[in-house]
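When a ligand or atom number is given, it counts from 1 through the structure's own listing order.
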Amino acid sequence: MDLFTFTLQTGEVSVAFSPEPSVTAFGPEGGIYVVDKHTEPLLRRCAGFDPKAPLVSLEPGEDHKSLDSIQKILTAALDASLGRDSLFIGFGGGVITDMAAFAASLYMRGARLELVPTTLLSMVDAAIGGKTGIDFGNAKNCVGTFYPASLIRVSVSYLASLSEAEFRSGLAEVMKTALLYAPKLFQIMQERREHILSRDPDLMLEVVKRCVQAKARVVERDLKESGERMYLNLGHTFGHALESVAGFGRVSHGDAVAWGIGRALNLGLRLGITDPEYLTDVLPVLESYGWCTAPVHPALSGGDRSRELLAAMKNDKKKKGGAVRFILQREMNSTLAQTVSDEDVLAVLS
Ligand code: GLY
């Protein structure tokens, strides 16, 4: 097994990379598995799985990222008489890892936590860095805690079973990480597209490792998003607005984020911040993965929707002092956050 370790203000985090999927066997203090109906069969085949241990299998999907699901997990833990020294294992995509971690952070004021991300997005982003949470009211992830797992087990063997949309959602986060922190990763995405799209296990292991290492460095410096961590939202302000205006589910998260990256770079260009040559390098790579780089995304129909997009951005939870701060780039590895006039935002949307 290949181990990467980083240190947060809350303690040490280990990321274990192994070809064979596995989970930690529960000790005498016991533990609980949190899965959804899709990941439960994968867990049951994992080395270390204990069929007699408590298991909560939730309905899959964002609609179930709710207090009701957290209540189910906490109730099952209490019914099994688990203590604070018991181990919560969250096994699934970002929805499951966020919820298992949230429940672990609440149970007895903080149980032990292991995460096993099974999607590309959760391997490179959601499971790394301690954000936990649920959706509440109409707002995504607006109730939660910072509670890093002490162990994250990564096996890229899970990637083979992902749907195209799920895989591409993760790839957009890989692209984001590359542009923010990892020129070598950008080069890999540029030069080895066929191998990436065919999910070559060796190459994907390298890609995931590079993303985990880059994100670990960010959260070591800024776990609670008081500064630099907000850069990880590159492309997300535009992307979330697109998902919301097009209607959730009509455009995948990854396609929306990738489009958002293109819009953010164009906004930077308009403001005289982004180097034109950088844009010329990045846009063809986005396009080569089939991502839209046009101002108007094809998921939007019915005339000029730019004002609706702007209104959706103003509802974004990442506002600071009531204003939306856009993540912009001068070039690769050189990022900033700033407020932008409505006029400039509208100009890159039509
Ligand atoms: N997914 C963004 C972050 O972890 O901060």
> Check for me whether Lys209 meets the cation-pi criterion with Phe17, that is, NZ or CZ under 6.0 Å from the six-membered ring centre and within 45 degrees of the ring axis.
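Pair Lys209/Phe17 counts as cation-pi.
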
> Taking the six-membered ring for Trp, are the ring centroids of Phe26 and Tyr33 within less than 6.0 Å of each other?
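Ring centres of Tyr33 and Phe26 closer than 6.0 Å.
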
> Which atoms from ligand 1 have a heavy atom of Asp125 less than 4.0 Å away?
1 (N), 2 (C), 4 (O)

> For atom 4 (O) of ligand 1, which of His236, Glu225, Lys215 has the closest heavy atom?
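Nearest option to atom 4 (O) of ligand 1, by heavy atoms: Lys215.
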
> What do you reckon, does Asn233 have a nitrogen or oxygen under 3.5 Å from a nitrogen or oxygen of ligand 1?
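N/O-N/O distance below 3.5 Å does not exist for this pair.
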
> Quick check: Arg229 and ligand 1, any N/O pair under 3.5 Å apart?
yes

> Using 30° and 60° as the class boundaries, would you call the ring planes of Tyr107 and Phe88 parallel, tilted or perpendicular?
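Ring orientation of Tyr107 relative to Phe88: tilted.
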
> Between Phe326 and Phe238, is the gap from one ring center to the other below 6.0 Å?
yes

